[in-house]
Amino acid sequence: MGRQRTQTSKLHHHCESCHNRRCKTAIEISVSCAIISCRLLCGAVFHLCKEEEHMLLCPNERVPCLNVEYGCPFAMCRSNLAKHLTVCPASVVSCSMEWNRWPIEESETPEFYKNVLKENYAQEPLDLSMALRDQQHLFRSLKMKIIFPELIEKLAEEPSAAVPEGAVGGVPFSNIVEEASVSSSTETEEGGLTQEEREELARNPNVVNLENYNIWERMFSMELSGCKHTMKSLGKKPESSHGNEIKPQANPSRLEVLQEEQQMQVDSQDAATDIPQYNAFEMDEHKFLIATSLFACDTRPKKKLIYEHLEPMKIKTVRTFKIPTSFKAKHSRIRNPSHNKKVSTSVDTSDLGVEIDDMPKWDEVQATLLCSLERELRGHLIAESVSTDALLLDVGTQTYDFYSAPFKAETSLADITADRALKLHVHIQTESVTRRHNKSSSAFTYLCNHTFRRDEFPSHYKNVHSDIQSCVSGWFEQRCPLAYLGCTFIQRRFQPSSHRATVFYDKELSTFCLRPEVSDTLHEGVKSVTVERKRARNADALSRLPFEVLVHVAGFLDSFTLSQLALVSRLMREVCSTLLHERGMVSLKWEKKVYSHGGWCWRSRKRVWQFSNLFSTVDSWCFDKLPPISEHLKVCPYYQRESKTAPVPLTGVHECREKKANRNQSLVSMFIKNN
């Protein structure tokens, strides 16, 4: 059966249900039309009135990429959309590889960590470069105001702008007080403040509850404005009941009894006409809300509803905490524990008998790392509040004293250690433990978080994380076996099998890079160009090549080299920009927009094109021609040999001799007893 025909359908009555490629129905107005083939040569045959619908499904129709909203500028046939997603510049993947580092727990830094920073390397070791970069990122992320909020400088609060007297209604709160009590401003109250002094205190911006005061002022000003508008519409002035004026309260700190007024004679019929009755069960939800809103905004005069025989209600305090049924109190607390005298005891530094100035100072780095690790999963707190039962709570505190305290509000651990000598506070080895595993103890976790094109991510993960980072300690780089004693010897054993290149670590980009080794024969015959002008542009021999040749040469470079080449000059930046759509990636830059009413939202500001940090793919690695580590042990200063001339019996031989002697002695004793 055909689909249901709608009023907006442009299909004919016969064409709507016809799917025959060889339909021979006669052409009639408003009944059927001619059979045609797809103009894009996809092979489809259909009625002429279905051509517009076919363009929504035609595989040869040119459509934009699925990631067009994320910045992809390409348009292609619909049949190529799936194939394009693998090389789409807007299909960006973020690397989620993570690793852990343990802090150095020793109070005194081991000798190896001291010597490794003093050594002058021709090529800095990869594990040391990674450790220094991870430590720098860690120090930047540790804010002192989060870990030690009690040691932050307290800035003097600047006096805020004067609060405007009028709020929404345009009438100050002081006028309401004056209309409510006329003679209260001249009399001195028992509290020692007059009404004028209280009003002046309310206008003072240094009041502690100034925000609450401003809120209440706006509320009462709005109500007063509404009351004045109502009286103006009635054309009369507000009347006081029985002509009695409100007298000031004798003691404002104590609540007094308010005399109730006599009930007015209110007709039931008038009450029914003034107050409309709404039944929420018989009306629609939206209509009921609109009706109640209109009734709330009604400014017509309504009958006064006065209570008769109003009595004060006793307020009871309900204790919401209920002791669980499984609680078993101790024998000393079976009776009411409030009858027992509670003594608060604490242990302080004064109990040690040492002056505060003579107390040792804490190291900022060690204390900050220790306190930040307490917040980790399965970590423990040095000072933790513990509840022994449902009635008593033991509160623990821990204080710290630093030379650099107090700290500024935005101070991080990196700011404190910026002027100090470089020291390594984390282990140089890493552990590849992901968040899916529970950590046995506290350790710092680091994330790769680099972005790549979808077709570049497999190469990045294989070369960087699988080949280099996971094998950097002991396999990719080999240290002396006596490194735990302080030896800093290291040798890099692997290089790409296709060409000679050096692996190094870029601290600014936080990634591994590959630097090819250029043969000296390629530099023969190259002459440096001398330029007479001081600010000459494109003076080198490479920049003098035609633009088309530079674009062709740049097409053989990897993404990391293109990102660095774009920083050389404006010409090279233009050359690299021609390869952005083919080799680069695009992402949205978001910014936070704050509105005048206090709300905020995130919106994409612009599209950013860039190259990733991927170097050329290395399919396989090979051993470099280096001497074995045993050759270093011959000259290692930490390798000490002992020479002894006297023979030393082996442990196994000595034990066998003792067993044999004991066995012979037991046999002799048994022979003597038998004889």
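Classification of the His460-Phe457 ring pair by plane angle, with boundaries at 30° and 60°, yields tilted.
With ring centers used as reference points, Phe615 lies 6.0 Å or more from Phe512. When ring centroids are compared, His137 and Tyr446 stay outside the 6.0 Å threshold.
The list of salt bridge (charged side-chain N to carboxylate O under 4.0 Å, His left out) pairs with a residue in residues 120-134, not counting sequence neighbours, reads Arg101-Asp134, Glu124-Lys507, Asp127-Arg479. Within the structure, salt bridge (charged side-chain N to carboxylate O under 4.0 Å, His left out) pairs that include any residue of residues 490-506 comprise Glu477-Arg492, Arg500-Glu517, Arg500-Asp624 (at least two apart or interchain). Sorted by first and then second residue, the pairs that involve residues 545-560 and meet side-chain hydrogen bond (donor to acceptor under 3.5 Å, both in side chains), not counting sequence neighbours, are Glu456-Ser559, Asp558-Thr561, Asp558-Ser616. Residues in residues 461-476 take part in these salt bridge (charged side-chain N to carboxylate O under 4.0 Å, His left out) pairs, two or more places apart or across chains: Lys462-Asp467. Counting only residues at least two apart or on different chains, the side-chain hydrogen bond (donor to acceptor under 3.5 Å, both in side chains) pairs with a member in residues 407-418 are Lys145-Glu410, Ser412-Asp415.
Contact check for Phe74 versus Cys88: no side-chain heavy atoms found under the 4.5 Å cut-off. Side chains of Gln491 and Ile629 form a contact here, defined as non-hydrogen atoms less than 4.5 Å apart. In this structure the side chain of Val116 reaches within 4.5 angstrom of the side chain of Phe112, judged on heavy atoms. Looking at Leu633 and Cys480, their side chains come closer than 4.5 Å, going by heavy atoms from C-beta outward. Within the 4.5 Å cutoff, no side-chain heavy atoms of Ile416 are placed close to those of Thr368. A 4.5 Å side-chain heavy-atom check between His465 and Ser470 finds every atom pair outside the cut-off. With a 4.5 Å cut-off on side-chain heavy atoms, Arg570 and Val575 do not count as touching. Side-chain contact between Leu542 and Leu550: present, with at least one pair of heavy atoms (C-beta onward) separated by less than 4.5 Å.
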Problem set entry | Derivation of the side-chain contact (heavy atoms from CB on, under 4.5 Å) call for Glu431 and Trp102 | CA-CA 9 Å; Glu431 294 184 2; Trp102 294 80; 3.0 Å; yes
For this session: Take Leu369 and Leu138, measure what side-chain contact (heavy atoms from CB on, under 4.5 Å) needs, and give me the verdict at the end.
Result: CA-CA 9 Å; Leu369 296 182; Leu138 175 64; 3.9 Å; yes
Problem set entry | Evaluation steps, side-chain contact (heavy atoms from CB on, under 4.5 Å), between Val63 and Leu81 | CA-CA 9 Å; Val63 292; Leu81 285 178; 4.0 Å; yes
Exercise. Is there a side chain to side chain donor-acceptor pair (under 3.5 Å) between Ser94 and Asn449 once you walk through the steps?
Worked result: CA-CA 6 Å; Ser94 178; Asn449 206 25; 3.3 Å; yes
For this session: Start with the C-alpha distance between Ile468 and Tyr505, add both sets of side-chain angles, then the distance that settles side-chain contact (heavy atoms from CB on, under 4.5 Å), and finish with yes or no.
Result: CA-CA 11 Å; Ile468 301 178; Tyr505 189 81; over 6 Å; no
Problem set entry | Stepwise side chain to side chain donor-acceptor pair (under 3.5 Å) check, Ser497 with Ser620 | CA-CA 6 Å; Ser497 57; Ser620 60; 2.5 Å; yes
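In this structure, CG on Leu424 lies 8.5 Å from OG1 on Thr109, to the nearest 0.5 angstrom. Note that the CZ atom of Phe611 and the CG atom of Leu562 stand 4.5 Å from one another [nearest 0.5 Å]. Atom CG of Leu579 is separated from atom CH2 of Trp609 by 12.0 Å, given to the nearest 0.5 angstrom. For the atom pair CD (Glu574) and OG (Ser569), the distance works out to 8.5 Å, reported to the nearest 0.5 Å. To the nearest 0.5 Å, atom CG of residue Leu567 and atom CZ of residue Arg573 are 7.0 Å apart. Distance OH/Tyr484 to CD/Glu111: 12.0 Å, rounded to 0.5 Å.
Put simply, the side chain of His450 gets close to the backbone of Ser510: a donor and an acceptor are under 3.5 Å apart. A donor-acceptor pair is defined here as one N or O able to donate and one able to accept, closer than 3.5 Å; no such pair exists between the side chain of Arg453 and the backbone of Ser91. Judged by distance alone, with hydrogens and angles left aside, the side-chain atoms of Ser466 form no donor-acceptor pair with the main-chain N or O of Asn463 at under 3.5 Å. Gln123 places no side-chain N or O within 3.5 Å of a backbone atom of Phe504 that could act as its donor or acceptor partner.
Listed by chain and number, the residues in a side-chain contact (heavy atoms from CB on, under 4.5 Å) with Val568 are Leu565, Met572 (sequence neighbours excluded). Judged as a side chain to side chain donor-acceptor pair (under 3.5 Å), and not counting sequence neighbours, Asn60 has no contacts. Every residue two or more places apart in sequence or in another chain was checked for a side chain to side chain donor-acceptor pair (under 3.5 Å) with Ser141, and none qualifies. For the ring pair (Phe, Tyr, Trp, His ring centres under 6.0 Å) test, no residue two or more places apart in sequence or in another chain qualifies with His427. Remark: Phe494 pairs with Trp475, Phe476, Phe623 by the ring pair (Phe, Tyr, Trp, His ring centres under 6.0 Å) rule, at least two apart or across chains. Listed by chain and residue number, nothing satisfies the salt bridge (Lys or Arg N to Asp or Glu O under 4.0 Å) test with Glu582 (two or more places apart in sequence, or in another chain).
The minimum heavy-atom distance between Ile490 and Pro125, with the atom names listed, is CD1-CB, 3.8 Å. Of all non-hydrogen atoms in Asn67 and Ala90, the two that sit nearest each other are CB-CB, 3.7 Å. Residues Phe452 and Ser612 approach most closely at CD2-CB, 3.7 Å, considering heavy atoms. The two residues Glu631 and Pro627 come nearest to each other via the heavy atoms CG-CB, 4.2 Å. In this structure, Cys77 and Pro59 approach most closely via the heavy-atom pair CB-O, 3.6 Å. Taking all atoms of both residues into account, the shortest heavy-atom contact from Thr617 to Ser459 is OG1-OG, 2.8 Å.
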Side-chain donor-acceptor distances from residues 583-594 under 3.5 Å, at least two apart:
{"from": "Arg583", "atom 1": "NH1", "to": "Gly555", "atom 2": "O", "distance (Å)": "3.2"}
{"from": "Arg583", "atom 1": "NH1", "to": "Leu557", "atom 2": "O", "distance (Å)": "3.1"}
{"from": "Arg583", "atom 1": "NH2", "to": "Leu557", "atom 2": "O", "distance (Å)": "2.5"}
{"from": "Glu591", "atom 1": "OE2", "to": "Arg603", "atom 2": "NE", "distance (Å)": "3.2"}
{"from": "Glu591", "atom 1": "OE2", "to": "Arg603", "atom 2": "NH2", "distance (Å)": "3.3"}

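Around the OH atom of Tyr121, the shell of radius 6.0 Å holds more than 12 heavy atoms that belong to other residues, nucleotides or ligands. Enclosure of atom CD in Gln429 by more than 12 non-hydrogen atoms of other residues, nucleotides or ligands within 6.0 angstrom is indicated. The environment of Arg605 atom CZ is sparse: at most 12 non-hydrogen atoms of other residues, nucleotides or ligands sit within 6.0 angstrom.
Remark: the Gln610 side chain and the Ser563 side chain contain no N/O donor-acceptor pair separated by less than 3.5 Å.
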